[in-house]
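Only one structure is covered here, and it is reproduced in the block below.
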Amino acid sequence: MAHTIQHLSHDLYPEPGQEHATGVPVPPFHPTVAEEDATVLSNMAVNAQYWHLVIQASPLAAAASPGQFYQLQCPPAHGAIPYLRRPMSLYGTDTATGQIQFLYKVTGSGTRGLSTLVPSDTIRILGPLGKGYDLAGHLRHIVVIGRGVGLATLAPLAEAAHMAGIGVTAILSARSPELIVSADRFNMKGMSVIPVTDTQGNSDPAWIEQALRGLISADRCDALFTCGSSRLLRMLRALAVEFDLPGQVALEQQMACGLGMCFCCVRDFASAHGTVTRRVCLDGPVFDIRETLA
Amino acid sequence: MAHTIQHLSHDLYPEPGQEHATGVPVPPFHPTVAEEDATVLSNMAVNAQYWHLVIQASPLAAAASPGQFYQLQCPPAHGAIPYLRRPMSLYGTDTATGQIQFLYKVTGSGTRGLSTLVPSDTIRILGPLGKGYDLAGHLRHIVVIGRGVGLATLAPLAEAAHMAGIGVTAILSARSPELIVSADRFNMKGMSVIPVTDTQGNSDPAWIEQALRGLISADRCDALFTCGSSRLLRMLRALAVEFDLPGQVALEQQMACGLGMCFCCVRDFASAHGTVTRRVCLDGPVFDIRETLA
Amino acid sequence: MTDMSVMIGNLRLDSPVMPASGTFGDGLGQVMDIRRLGAIVTKTITRERRAGNPLPRVAETTGGMLNAIGIPSCGVEDFINRTLPHYTQWGTPLIVSISAPDAAGFATLARAVSIAGVDAIEANISCPNIEADGKAFAMEANATTKVVAALRAATDLPLWVKLTPNCHDMSVIARAAEAAGADAVVVANTILGMSIDTRTFRPRLGNVMGGLSGAAIKPIILRQTYQCARSVAIPVIGCGGITTADDAVEYMLAGAVAVQVGTASFINSLAMTDILDGLDRFCHARSITRVAALTGALRDATSPRCCDMDA
Amino acid sequence: MTDMSVMIGNLRLDSPVMPASGTFGDGLGQVMDIRRLGAIVTKTITRERRAGNPLPRVAETTGGMLNAIGIPSCGVEDFINRTLPHYTQWGTPLIVSISAPDAAGFATLARAVSIAGVDAIEANISCPNIEADGKAFAMEANATTKVVAALRAATDLPLWVKLTPNCHDMSVIARAAEAAGADAVVVANTILGMSIDTRTFRPRLGNVMGGLSGAAIKPIILRQTYQCARSVAIPVIGCGGITTADDAVEYMLAGAVAVQVGTASFINSLAMTDILDGLDRFCHARSITRVAALTGALRDATSPRCCDMDA
Ligand SMILES: Cc1cc2nc3c(=O)[nH]c(=O)nc-3n(C[C@H](O)[C@H](O)[C@H](O)COP(=O)(O)OP(=O)(O)OC[C@H]3O[C@@H](n4cnc5c(N)ncnc54)[C@H](O)[C@@H]3O)c2cc1C
Ligand SMILES: Cc1cc2nc3c(=O)[nH]c(=O)nc-3n(C[C@H](O)[C@H](O)[C@H](O)COP(=O)(O)OP(=O)(O)OC[C@H]3O[C@@H](n4cnc5c(N)ncnc54)[C@H](O)[C@@H]3O)c2cc1C
Ligand SMILES: Cc1cc2nc3c(=O)[nH]c(=O)nc-3n(C[C@H](O)[C@H](O)[C@H](O)COP(=O)(O)O)c2cc1C
Ligand SMILES: Cc1cc2nc3c(=O)[nH]c(=O)nc-3n(C[C@H](O)[C@H](O)[C@H](O)COP(=O)(O)O)c2cc1C
Ligand code: FES
Ligand code: FES
């Protein structure tokens with residue numbers, strides 16, 4: 001990494017009381033998003049597809065809420081040198097210690113590079129980024145529905161809801177039972193977990209829809225929270241409309257900057273003013289389910 | 001490393017007896033220079049400046065003689081990604097086991113990358129390359145004179161001479177005594193070592209010239225062998241001419257291909273036909289001292 | 001501390017580093033101290049509202065990236081009413097990048113943005129994505145003369161003209177821009193490129209072709225900066241692959257008065273301030289008191305020298 | 001095993017992979033089975049003996065390299081008497097690359113090498129290092145027409161014309177070459193670039209400017225290959241940054257009939273045979289029986305698709 005770690009690059013910032021060239025005292029700059037070299041604490045395969053990465057970062061970087069994400073600079077692997085950074089959801093954070101967790105699936109050059117990280121390596125990160133899930137508004141019981149690595153995004157949300165005294169039902173979908181990686185993270189007192197898998201034959205959106213209708217009629221679903229899968233999203237949007245339920249989804253889109261500068265991550269949304277284009281990185285990645293299109 | 005290891009890329013070669021598209025049997029191809037992924041066995045700093053790298057390669061790659069070199073693909077380090085390979089002299093080889101040694105000085109991005117290698121890493125190599133030193137011709141006693149990391153090239157030469165029953169005097173020059181890295185390699189029975197260092201004040205070409213004149217008049221210098229330093233080279237060339245002594249020098253030049261294809265490593269030489277341009281990688285790196293210019 | 005100020009014609013910038021058009025947004029202000037930049041350059045705007053190109057809009061390449069964002073624009077009215085007030089918050093000189101389909105359109109738009117709060121206009125006459133097959137004004141001297149003359153007549157603001165590398169002799173185009181009244185040239189926009197997904201047999205960009213940027217193009221744009229700087233008397237602003245302070249120094253030695261940083265900010269949000277800090281250290285270590293002294297300070301090529309193992 | 005043969009006009013090559021001019025030498029025969037190549041392309045030769053450029057002749061860049069080797073040449077006589085017999089040892093079709101300062105010189109040289117053992121002529125009308133400031137024939141359609149017509153009149157051998165990427169619309173040049181009688185175009189030579197040593201304030205190349213090659217330029221030359229292939233009926237041979245079989249597939253999908261590999265061989269001497277093996281596997285996995293079927297098989301750009309976490 002050629003990058004200077006963050007505090008070094010602040011060396012020459014005018015300190016409070018210092019004078020600018022113009023003679024006017026310049027207030028010091030306080031970033032609200034961190035660009036820094038974090039240190040890898042651990043990076044381990046949790047099963048055949050997913051890896052769990054824990055890094056040591058600054059308190060500023062770790063001050064994230066569920067649904068937010070980071071841009072990670074992935075090291076070269078197998079001759080491929082990832083140029084752009086890769087977006088990864090917050091999987092867990094400890095603001096006190098500055099530790100941040102990610103759960104990722106190895107799919108291409110970037111994530112393959114990530115999987116080569118070993119403890120004490122440095123990794124350049126930018127974050128926390130974007131708008132996370134919103135748990136405001138007198139929610140009593142929510143349902144989180146995710147599939148595959150999408151559970152990475154939902155796990156900290158479920159925990160946050162639990163801490164806020166909101167009941168959580170988690171419908172965790174995967175190809176097969178051993179790929180439901182974060183089941184333990186949803187295993188808190190009072191949380192109910194419904195695992196559904198392709199191998200068990202109950203992961204079909206239709207099956208999940210039935211389960212949801214049950215929860216809704218039992219008054220155990222004030223809001224829906226999901227992530228990623230468009231098949232599930234379509235079904236959830238229909239339900240949200242039918243029952244006038246609030247719902248939030250974390251979307252994915254290819255990203256170059258992660259900061260709203262490049263406009264590569266745009267997506268169309270329904271809004272009161274007709275179809276509008278929004279940047280997933282800045283306006284999301286969490287959006288109102290009913291505004292999503294496609 | 002994206003590169004396929006060597007034997008894999010030979011999978012589709014027509015095997016002996018197989019027919020070519022034309023129907024004529026094609027004799028199998030036998031490389032005489034190896035392009036392969038070798039494995040790092042060890043890589044350690046020997047002092048503040050030099051590193052010692054040992055790799056496990058194929059017998060073909062290891063079949064090298066002193067003065068020959070390899071092109072090493074250097075891993076990325078500190079954000080810099082070395083694109084071209086770097087030439088490194090053979091420092092030692094064991095044809096039986098396929099182990100090859102290098103001694104290198106960290107000077108820029110490539111060698112900095114090399115220093116990050118750890119055991120079991122793979123490193124892409126090409127070699128052995130070029131023409132090494134020639135010990136033919138009834139030599140009884142030779143003098144090898146080198147400085148700094150140039151000793152890397154001379155150490156295996158001194159050993160080869162010793163094995164061939166040729167007496168060796170080694171004048172080893174460096175900034176300070178602890179930087180004479182390979183002294184042990186020259187410490188064989190019957191070899192005499194003259195360490196000269198800047199700190200001791202005896203590394204001046206003039207001092208070395210006196211020592212050499214002594215050796216020549218004592219009939220202990222049938223030929224001169226050196227490497228790298230142009231100050232020493234000029235002095236040695238003058239001596240070689242004055243006493244009509246054979247002499248060989250290993251030269252350095254920036255290299256892209258190492259195989260005589262790109263013509264970036266050219267240098268002018270004196271020859272019977274006037275000044276000629278030669279490629280250091282293919283026609284050298286070892287040349288007749290008296291033909292060198294500059 | 002080194003004197004970092006540079007003059008672009010009559011416009012004084014406190015520092016020679018600014019963002020490249022289309023690679024800056026106020027999101028960056030969360031990470032980096034915008035006040036340290038020499039200027040802010042906006043994403044190119046057009047008169048009308050525009051949608052931009054189909055997705056995917058970016059693709060990664062070796063040492064760089066392709067983009068075919070197009071010029072999604074909220075239109076000039078929205079820009080003036082909503083974006084502009086936002087961009088003046090830091091007190092940093094503001095450069096508005098504009099584009100139009102013809103010379104008259106450029107002039108109209110230049111007139112519209114020649115208002116308080118705008119410190120200069122950057123005419124993007126080089127965007128390779130708008131016209132079919134990547135054609136652009138800045139590919140030909142005549143078209144350049146025409147559009148720059150129309151712009152010059154339309155505004156009193158300093159006029160920067162951003163050139164395209166997709167031409168065979170940029171110094172001719174730079175001279176045309178200078179003669180028609182440009183106050184500076186920006187060298188350069190992205191290089192037209194392409195990438196194909198061999199799994200799907202389809203282009204990796206929705207727009208098929210796109211602009212290559214990032215470290216990979218540095219040697220090419222640096223060469224064009226050198227050629228332009230030798231050909232015109234107006235300032236040349238270098239832009240292409242600048243990632244480190246060393247890159248910025250290369251551009252300045254080749255003749256650039258200031259530099260723009262684009263793609264590098266995507267990979268390191270602190271790229272611009274890191275470069276500023278690095279420039280300061282570079283100058284300090286060499287007792288160079290004004291960064292402007294680097295501009296054009298390139299020496300002759302060395303005569304052949306052989307490598308030497310002398311320690 | 002995939003049928004690897006391709007036709008370049010009337011010339012049949014057993015495989016679509018060959019070295020790029022100036023990046024091949026018989027030294028490679030120690031490492032790699034030359035017989036597997038579709039052809040051998042020689043370093044460009046000139047009529048007279050030439051010295052080439054001052055050192056340093058190469059510089060490393062991000063994902064590529066600059067070279068300003070120049071065209072050191074032993075002269076055509078020496079080439080015919082000494083080099084040619086050597087290069088025919090493998091029975092691989094031999095393409096002789098030639099260069100000259102004017103059309104007449106090209107014609108004379110083409111005549112001189114139209115002899116037994118030579119299977120085609122590649123006219124390097126694009127080398128950026130010969131003329132001052134990187135100018136070359138292939139930068140202009142008129143100059144291209146003139147030199148190609150002269151060459152066509154001078155030889156009956158298949159005539160390949162190697163174009164320069166340093167132009168603003170290569171398809172125009174390609175059409176000029178086709179109309180004047182070229183049997184194929186090679187897309188392309190190196191892109192003019194520059195690099196500066198910030199420690200010494202001097203250019204990193206003895207020649208100041210040089211040609212950029214290697215992975216970094218692939219998106220640019222791939223785009224030009226695509227543009228040329230859509231513009232001419234004669235075969236296009238792709239050349240620029242090809243390092244892996246995937247790169248070769250990209251070029252073929254974009255319209256190349258065959259590919260040349262240059263810089264990649266410096267980094268992996270087995271690059272060309274690795275690419276051949278990879279092409280074979282690629283075709284095999286897709287039940288493509290003839291590699292030639294890849295040429296121009298690019299599909300339309302995809303419509304916007306969002307990413308999906310569905311496993
Ligand atoms: C806000 C957000 C949060 C995410 N959180 C997670 C997470 O917690 N765990 C996880 O495993 N994955 C997550 N992803 C997806 C992750 O970013 C991609 O898997 C990753 O970028 C793939 O990179 P690659 O180089 O391995 O794959 P390649 O396919 O080689 O990537 C090629 C290019 O496409 C982009 N790309 C490919 N797939 C995706 C995708 N699904 N989303 C966005 N860009 C993509 C890459 O960033 C890169 O630019 C998230 C994506 C977004 C947008
Ligand atoms: C035949 C030969 C044998 C060599 N043997 C050894 C050895 O045993 N141990 C050792 O420490 N060094 C040796 N060298 C020198 C070694 O190749 C350089 O130190 C190394 O290439 C520097 O690369 P870098 O990226 O670290 O430095 P940088 O200065 O960043 O390199 C920049 C470019 O210049 C080239 N370069 C820089 N210095 C040299 C040099 N002295 N010779 C050739 N190219 C250079 C690099 O290859 C690269 O292309 C040898 C050189 C040659 C030609
Ligand atoms: C995502 C993206 C969007 C861009 N948009 C614009 C634009 O709107 N107007 C413009 O003149 N240049 C635009 N550019 C080009 C940059 O301003 C700059 O000229 C180019 O990227 C080269 O610099 P770099 O290598 O530092 O990125 C854009 C570049 C990128 C990568
Ligand atoms: C060292 C070197 C020497 C070259 N010499 C020639 C030459 O003599 N004639 C020529 O037409 N092209 C020459 N080229 C250009 C290559 O043939 C090729 O067009 C270019 O390098 C792009 O391909 P690549 O990226 O695969 O290297 C040379 C390239 C390099 C790197
Ligand atoms: S990723 Fe750049 S705007 Fe969203
Ligand atoms: S390094 Fe290429 S010819 Fe010597």
Side-chain angles (χ1 to χ4, degrees), chain C residues 54-56 59 61-64 66 133-135 139-140 164 166-169 171 191-198 200-203 205-210 212 214-220 222-227 241 243 246 249-250 253-254 282 297-306, chain D residues 54-56 59 61-64 66 133-135 139-140 164 166-169 171 191-196 198 200-203 205-210 212 214-227 241 243 246 249-250 253-254 282 297-306:
Chain C
L55 268 59
T61 67
T62 302
L66 287 165
D133 231 38
K135 293 280 183 309
M139 282 184 180
E140 273 161 359
T164 176
N166 304 302
C167 63
H168 84 270
D169 189 352
S171 54
I191 306 180
L192 201 60
M194 183 173 175
S195 176
I196 297 171
D197 187 336
T198 56
T200 61
F201 284 36
R202 293 184 199 280
L205 294 175
N207 191 50
V208 182
M209 291 188 255
L212 187 65
I217 69 170
K218 195 191 70 175
I220 302 168
L222 179 71
R223 179 261 302 178
Q224 291 177 328
T225 298
Y226 173 73
Q227 290 176 318
T243 309
D246 231 50
V249 172
E250 278 192 79
L253 294 176
F282 183 92
L298 182 70
R299 301 199 184 120
D300 287 344
T302 25
S303 52
R305 249 188 346 189
C306 57
Chain D
L55 267 58
T61 68
T62 302
L66 288 165
D133 232 36
K135 294 278 185 309
M139 283 184 180
E140 274 161 359
T164 177
N166 304 302
C167 62
H168 83 270
D169 189 352
S171 54
I191 307 180
L192 202 59
M194 184 172 172
S195 176
I196 297 171
T198 56
T200 61
F201 284 35
R202 295 183 198 281
L205 294 175
N207 192 51
V208 181
M209 291 187 255
L212 186 65
I217 69 170
K218 194 190 70 175
I220 302 169
I221 312 293
L222 179 70
R223 179 262 301 177
Q224 292 177 327
T225 297
Y226 173 73
Q227 291 175 318
T243 310
D246 231 48
V249 172
E250 278 193 79
L253 293 177
F282 183 92
L298 183 71
R299 301 200 184 119
D300 287 344
T302 23
S303 52
R305 246 185 348 186
C306 59

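Computed from heavy atoms alone, side chains included, the values below leave out hydrogens, waters and symmetry copies. Chain A is the first sequence line, chain B the second, and so forth, proteins listed ahead of strands; every chain is numbered from 1.
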Side chain to side chain contact (heavy atoms under 4.5 Å, CB included) involving D/Ser195 - partner list, sequence neighbours excluded | C/Glu250, D/Leu66, D/Arg204
Contacting moiety of C/Leu298, where chain D heavy atoms sit under 4.5 Å | both
Taking only residues two or more places apart in sequence or in another chain, which ones pass side chain to side chain contact (heavy atoms under 4.5 Å, CB included) with C/Ala216?
-> D/Ala216
Flag, side chain of C/Arg202 to backbone of D/Ala301, donor-acceptor distance under 3.5 Å | no
C/Thr61, part contacting chain D, at a heavy-atom distance under 4.5 Å = side chain
Can you name the nearest heavy-atom pair linking D/Arg299 to C/Thr200, along with the distance?
-> NH1-O, 3.1 Å
What part of C/Glu140 lies closer than 4.5 angstrom to a heavy atom of chain D: side chain, backbone, both or neither?
-> side chain
Interface residue of largest heavy-atom contact number with chain D, from C/Thr62, C/Asp197, C/Ile217, under 4.5 Å | C/Thr62
Minimal heavy-atom distance between C/Phe201 and C/Ile196, with the atoms involved, is C-CG2, 4.3 Å
For chain D, the option from C/Val208, C/Leu212, C/Leu222, C/Val249 that forms the most heavy-atom pairs under 4.5 Å | C/Leu222
For the residue pair D/Asn166 and D/Ile191, establish whether any side-chain heavy-atom pair is separated by less than 4.5 Å.
-> yes
Greatest number of non-hydrogen atom pairs under 4.5 angstrom with chain D, of C/Ala254, C/Gly63, C/Cys167, falls to C/Cys167
Turns out that what part of C/Ala59 lies under 4.5 Å from chain D's heavy atoms comes down to neither
